[in-house]
S.K.: 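Below you will find the structure I want to go over with you.
Order of the sequence lines fixes the chain letters, A, B, ..., with proteins taken first and strands second; residue numbering starts at 1 for each chain. Side chains are part of it too, since the values below use all heavy atoms of this structure and drop only hydrogens, waters and symmetry mates.
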Amino acid sequence: MAANIPTNAPVHGTPTVPHVEHDEHLHHDEHHEQSFLTKYIFSQDHKVIAKQFLITGIFWAIMGGALSSLFRLQLGWPESTMSWLTPVLGKWVEAGKLNPEFYLALVTMHGTIMVFFVLTAGLSGTFSNFLIPLQVGARDMASGFMNMLSYWFFFISSIIMFSSIFIETGPASAGWTIYPPLSALPQAIPGSGAGMTLWLVSMALFIISQLLGGVNYITTVINLRTRGMSMGKLPLTIWSFFLTAILGLLAFPVLFSAALLLIFDRSFGTSFFLSDIYIAGQALNNTGGSPILFQHLFWFLGHPEVYIVIMPAMGMVSEILATNSRKPIFGYRAMIGSLIGISLLSFVVWAHHMFVTGMNPFLGSVFMFLTLIIAVPSGVKVFNWLATLWRGNIRFTTAMLFSIGFVSLFISGGLTGIILGNAALDIQMHNTYFVVAHFHLVMGSSAFFGLFAGVYHWFPKMFGRMLDEKLGYVHFWLTFIGVYLVFMPMHYVGIAGFPRRYYAWTGFDSFSQFADLNKFISAAAIFAFIGQFIFIFNFFYSIWRGRRATENPWNSNTLEWTTPVIPGHGNWPGAIPAVHRWPYDYSKPGAEKDFIPQNVPYSQTQSSNLPNERETAE
Amino acid sequence: MHPSETLTDKETGTGLHPLRLLLILLIISILMMFAGLTSGYIVRRDEGNWLEFDLPTGLLFNTIVIAISSATMQWAWFSARKDNLRQVKIGMLTTLALGVLFLIGQWQVWGELVSNRVYFGGADSNPSGSFMYVLTGVHGFHLITGLIFLVLVVVKSLRYEVHSRQMLAITNGTIYWHFLGALWLYLYLFLLLNH
Ligand code: HEM
Ligand SMILES: [Cu+2]
C-alpha cells in the first residue's frame with residue numbers, strides 16, 4: 001500500500017514532475033451561504049448539474065417521442081385526414097394532409113433530438129456527472145465552473161433547436177445526418193433555409209457543451225480518484241463514462257469542422273461540398289466541392305457517436321446486473337478490455353455507412369473486415385452479462401428488469417448489424433427500414449433501457465426517495481413489449497426494400513401489401529409512447545412523495561452508497577473514504593453479508609479473505 | 001474543484017495538476033478539429049479541379065513573428081521561475097504585442113489573397129482558396145483565445161500571483177501559447193507542401 005500513502009511534502013520546481021502543484025484556487029474559502037440562484041440554477045455542484053441534464057433530457061425525450069408519433073400516424077394511416085392536428089401544427093396540415101416536407105422535418109428533428117439531446121446529453125450528461133465524483137471518491141468535478149458552462153451551453157443549444165421548430169420555413173429537414181447538397185441549399189427544401197442555420201448553430205453550441213463536459217469527466221477520473229482507487233478497482237460505470245468522454249473528445253471536433261464548412265457553404269458562397277448543381281432549371285455557380293467529403297467527416301464522428309450513446313448504458317447495466325445478481329461481474333478485466341477494443345475500433349469503421357457511395361470495392365472490404373471485428377468485443381460483453389446472471393441470486397428490481405431488457409435488445413439489434421456490415425448485403429439493405437430497425441434496437445431502445453435502468457437504480461441517491469416498483473414493472477413490460485412490436489416488423493418491411501424517410505408508400509404497388517403491417521407498427525409505437533407517461537408520473541410523484549430511501553437501499557458496494565441519503569455539496573460530510581477492494585465483492589464465500597463495500601479494509605474481513613488478500617490485510 | 005478537495009489524498013494520477021490536464025485535453029480537441037480540416041483538404045485536393053496559387057509572401061513574416069513570440073513567452077516563464085517579476089511583465093506584454101502583430105499580419109495576408117484573385121466564396125472561388133481562409137481563420141480565432149488567456153495571466157502577475165511558487169497559471173499559458181505557435185508552424189508547412 002506504500003504507493004498510496006499521500007505525500008504532503010510541498011513540491012517546488014519543474015511543473016511536470018510533482019504530483020501536487022500549487023494552485024491558488026485551493027486557498028479560497030467559499031463556504032458562504034448559497035442563494036437559490038447559485039444552488040439550483042447556476043450551480044457548480046455535479047449532482048445538481050446531473051439533475052438539470054436529466055430533466056432537460058426528459059423534456060427532449062417527450063418531444064422526440066411526440067414527433068415520432070406524428071410521423072407514425074402519417075405512415076400508418078396515409079389516407080386519413082389530419083385536420084384535427086391543425087391546432088398544433090397550423091399550416092403544416094394542408095387540406096387535411098400533413099405537408100410532405102414537414103414530414104421530413106419531423107423525421108430530422110426526431111433523430112437529432114433523440115441521438116444528441118436525449119441519448120448523449122441526457123444520458124452521459126446525467127450519469128457521468130452524477131456518478132463520476134461519487135464513485136471515484138471526489139468532492140466534485142475537476143472544474144465545477146466548466147461543468148456548469150457545459151450545462152448552460154446545452155441549454156442554449158436546446159432553446160435554439162426548439163425555437164427552430166416554430167419558424168416560418170420549418171426546422172431542418174435533411175435528416176439527422178444533414179447530408180449536403182440537400183442541407184446546403186434553401187432552394188432544395190424549405191427546411192434548409194433558416195431552420196438549417198439554427199440547427200447548425202445549435203449543434204455548434206452542443207459540441208462545445210460536450211467538450212467542456214468531457215474534458216472534465218476525463219480529468220476527474222484520472223486525477224481525483226480517492227486513495228486506493230486504482231484504475232483496476234474502478235466500477236465499470238466509470239470505465240465506460242471515461243472511454244465515452246475520450247471518444248467524444250476525439251470525434252466531436254471533427255463534426256465541428258464539418259459543420260463549420262457547411263455553414264460557409266450555406267452562407268458565404270464557398271463550395272466545399274457543392275459542385276455542378278442544377279436546381280429548378282438553374283445552374284448554380286458552385287464548382288469543385290465534394291458531398292462525399294461531408295459524409296466522411298460526418299461519419300468519422302457519427303460512428304463513434306453511436307458508441308458514445310451505448311457505452312454509458314453498457315457500464316450502468318454491468319453495474320446493475322452484478323448488484324442485483326448478488327454476484328461479481330463475470331470477467332471484470334475482459335469487460336474493460338472489450339470497452340477499450342470497441343472504443344479503438346469505433347474510429348476505423350465509419351465508411352460502413354458509405355458502402356453505396358461508389359467507394360473502391362477494395363476499400364469497402366477493408367471497412368467491412370474492421371466492422372465485423374466489432375462483433376468480437378460486443379460478443380464478449382454479451383457473454384459476460386449472461387454469465388453474470390447465470391445462477392445468480394437474482395433480485396428483480398425495476399432497474400434489473402431494464403438491464404436484462406437492455407441485454408436482450410442489444411443482442412437482437414447487434415445481429416442485424418452483422419448483416420449490414422457485409423458490403424454485399426448492405427447494398428440491398430442500405431436506406432431501407434432494415435437499417436432503421438437495426439439501429440433502433442441496438443442503439444435507440446438499448447440506450448433508453450440503460451437510461452431507465454440508471455434512473456431506477458440511482459434515483460434514491462439523487463432524490464432521497466424510491467421510485468414506485470409496481471409502476472416500474474408496468475412501465476417496463478409496456479416498454480419492452482412495445483419496443484419489440486414496433487421494431488421487429490420493420491425488418492420485414494426493410495428486407496422488402498421499403499426505403500426510409502419516405503412520406504408515403506401508397507404510390508408503389510410492391511409496398512401496399514405492407515399497409516397492415518405499417519398500421520400495426522404505428523399503433524404499437526403510439527402505445528409504447530403513451531406507456532412512458534407512467535414513468536413520467538412515477539418520476540415526478542416520487543421526487544416529492546416517494547417512499548424514503550435508506551443510504552444503501554440495494555446493498556451495493558460502490559462508494560456513492562457510503563454518502564448520506566442526500567449528499568450535500570462536497571458529497572461526504574467527513575473525510576472521503578479510502579478504497580481497499582474492487583467493487584464486485586458480492587456473495588463472497590465466508591463473508592458475513594452478501595456484499596462488502598469498497599471501503600471495507602481486508603483486515604475487517606478475515607473470514608472471507610483469499611490467500612493473496614490475507615497478506616494485504618496484515 | 002470543490003474548495004475543500006485536497007489533492008494530497010488522491011491516487012497518483014498522471015502527475016499533472018487537474019487544470020493542466022484540462023488544458024491538454026482541450027488542446028487535443030483543437031488538434032482533432034485541424035486534423036479533420038487538413039485531411040478534408042487532402043481528400044478534396046486529390047479529387048482534382050483544384051486551383052493552384054502562390055502562397056502569400058506575408059505568411060513567412062507572420063511565421064517568424066509567432067516564433068519570436070514563443071521565445072518571449074518562454075523568457076517570461078523563466079523569469080517567473082527566477083522571481084524576476086519585472087521581466088515577467090515585459091516578456092508577457094511583448095508576447096501579447098507580437099500576437100496582435102501576427103493577427104494583423106494574417107489580415108494582410110487575406111488582403112494579399114484577394115488582390116491575387118483568390119477568394120473565400122462566390123462564383124470565382126475554388127475550394128483550394130476557401131480552405132486557405134478557413135485554416136488561417138480558425139487558427140486566428142484560437143489565437144485570440146490564447147491572447148485572452150495571456151491577458152488573464154498578466155492580470156494575475158499584476159496582483160503578484162505569478163512567481164516561482166505559483167507557476168500553474170503562467171505555465172498553462174506558456175503551454176497553450178507554444179501550442180498555438182506549433183499549430184501555425186504545422187499549418188504553414190502543410191500549406192507549403194500541399195499546394
Ligand atoms: C456488431 C456490431 C454492429 C455492426 C456490424 C453494425 C453495422 C452497421 C452498418 C453496416 C450500418 C450501415 C447501414 C446502412 O446505412 O446501410 C449501421 C447503421 C447504424 N448503426 Fe450499426 N452496427 C453495429 C452495432 C451498432 C451499435 C452498437 C449501434 C449503436 C449503439 C449502432 C448504431 C447504428 C446507427 C445509428 C446506424 C444508422 C445511422 C443512419 O444511417 O442514420 N450499430 N450499422
Ligand atoms: Cu456505424
S.K.: Any chance you could measure A:Ile218, atom CD1, to B:Ile24, atom CD1, to the nearest 0.5 Å?
M.R.: 12.0 Å

S.K.: Kindly indicate whether the side chain of B:His17, heavy atoms from C-beta on, has any atom under 4.5 Å from the side chain of A:Asn223.
M.R.: no

S.K.: To the nearest 0.5 Å, how far apart are CG in A:Leu211 and OG in B:Ser29?
M.R.: 5.0 Å

S.K.: Using a heavy-atom cutoff of under 4.5 Å, enumerate the residues of residues 143-150 of chain A that contact chain B, numbered in order, or state 'none'.
M.R.: A:Ser143, A:Gly144, A:Met146

S.K.: Using a 4.5 angstrom heavy-atom cutoff, name the option from B:Ser125, B:Ser130, B:Gly36, B:Gly40 with the most pairs to chain A.
M.R.: B:Ser130

S.K.: Below 4.5 Å from any heavy atom of chain B, which atoms of A:Leu249 appear? Answer side chain, backbone, both or neither.
M.R.: both

S.K.: So A:Phe273 and B:Arg44, do their side chains get closer than 4.5 Å, heavy atoms only?
M.R.: no

S.K.: Around atom CZ of B:Phe61, are there more than 12 heavy atoms from other residues, nucleotides or ligands closer than 6.0 Å?
M.R.: no

S.K.: Heavy-atom pairs under 4.5 Å with chain B are the metric here; pick the option from A:Val254, A:Leu250, A:Asp140 that has the most.
M.R.: A:Leu250

S.K.: According to the interplanar angle, ranging from 0 to 90°, do the rings of B:Phe120 and A:Phe268 count as parallel (below 30°), tilted (30 to 60°) or perpendicular (above 60°)?
M.R.: tilted

S.K.: How long is the straight-line distance from CE of B:Met32 back to CG of A:Leu255, given to the nearest 0.5 Å?
M.R.: 12.0 Å

S.K.: Working to the nearest 0.5 angstrom, can you tell me the gap between A:Leu212 CG and B:Leu25 CG?
M.R.: 12.0 Å

S.K.: Can you tell me how far CG of B:Asn49 sits from OG of A:Ser271, rounded to the nearest 0.5 angstrom?
M.R.: 9.5 Å

S.K.: Flag the pair A:Ile222 / B:Leu16 as yes when at least one side-chain heavy-atom distance between them is below 4.5 Å, and no otherwise.
M.R.: no

S.K.: Give the minimum heavy-atom separation between B:Pro18 and A:Thr219, together with the two atoms involved.
M.R.: O-CG2, 3.4 Å

S.K.: Please identify, among A:Ile576, A:Leu261, A:Asp45, the residue contributing the most non-hydrogen atom pairs under 4.5 Å to chain B.
M.R.: A:Leu261

S.K.: So, for A:Arg225 and B:Lys10, which heavy atoms are closest and what is the spacing to 0.1 Å?
M.R.: O-CD, 3.1 Å

S.K.: Inspect the surroundings of CG in B:Asp54 and state if more than 12 heavy atoms from other residues, nucleotides or ligands are less than 6.0 Å away.
M.R.: no

S.K.: Heavy-atom distances under 4.5 Å only: say whether A:Phe300 touches chain B with side chain, backbone, both or neither.
M.R.: side chain

S.K.: Does any heavy atom of chain A fall under 4.5 Å from the side chain of B:Leu21, the backbone, both, or neither of them?
M.R.: both

S.K.: Is there a donor-acceptor pair closer than 3.5 Å between any side-chain N or O of B:Glu11 and the backbone N or O of A:Arg227?
M.R.: no

S.K.: Side chain, backbone, both or neither: which part of A:Leu224 has a heavy atom under 4.5 Å from chain B?
M.R.: both

S.K.: Please name the pair of heavy atoms, one in A:Val215 and one in B:Leu22, separated by the smallest distance, quoted to 0.1 Å.
M.R.: O-CD2, 3.4 Å

S.K.: Is the CD atom of B:Glu52 crowded by more than 12 outside heavy atoms at less than 6.0 Å?
M.R.: yes

S.K.: Just so I understand: if I count every heavy-atom pair under 4.5 Å between each of A:Ala138, A:Ala578, A:Gly288, A:Ala251 and chain B, which residue has the most?
M.R.: A:Gly288

S.K.: Quick check: B:Phe131 with A:Phe272 (ring centres under 6.0 Å apart)?
M.R.: yes

S.K.: Is any side-chain heavy atom of B:Met33 closer than 4.5 Å to one of A:Leu260?
M.R.: yes

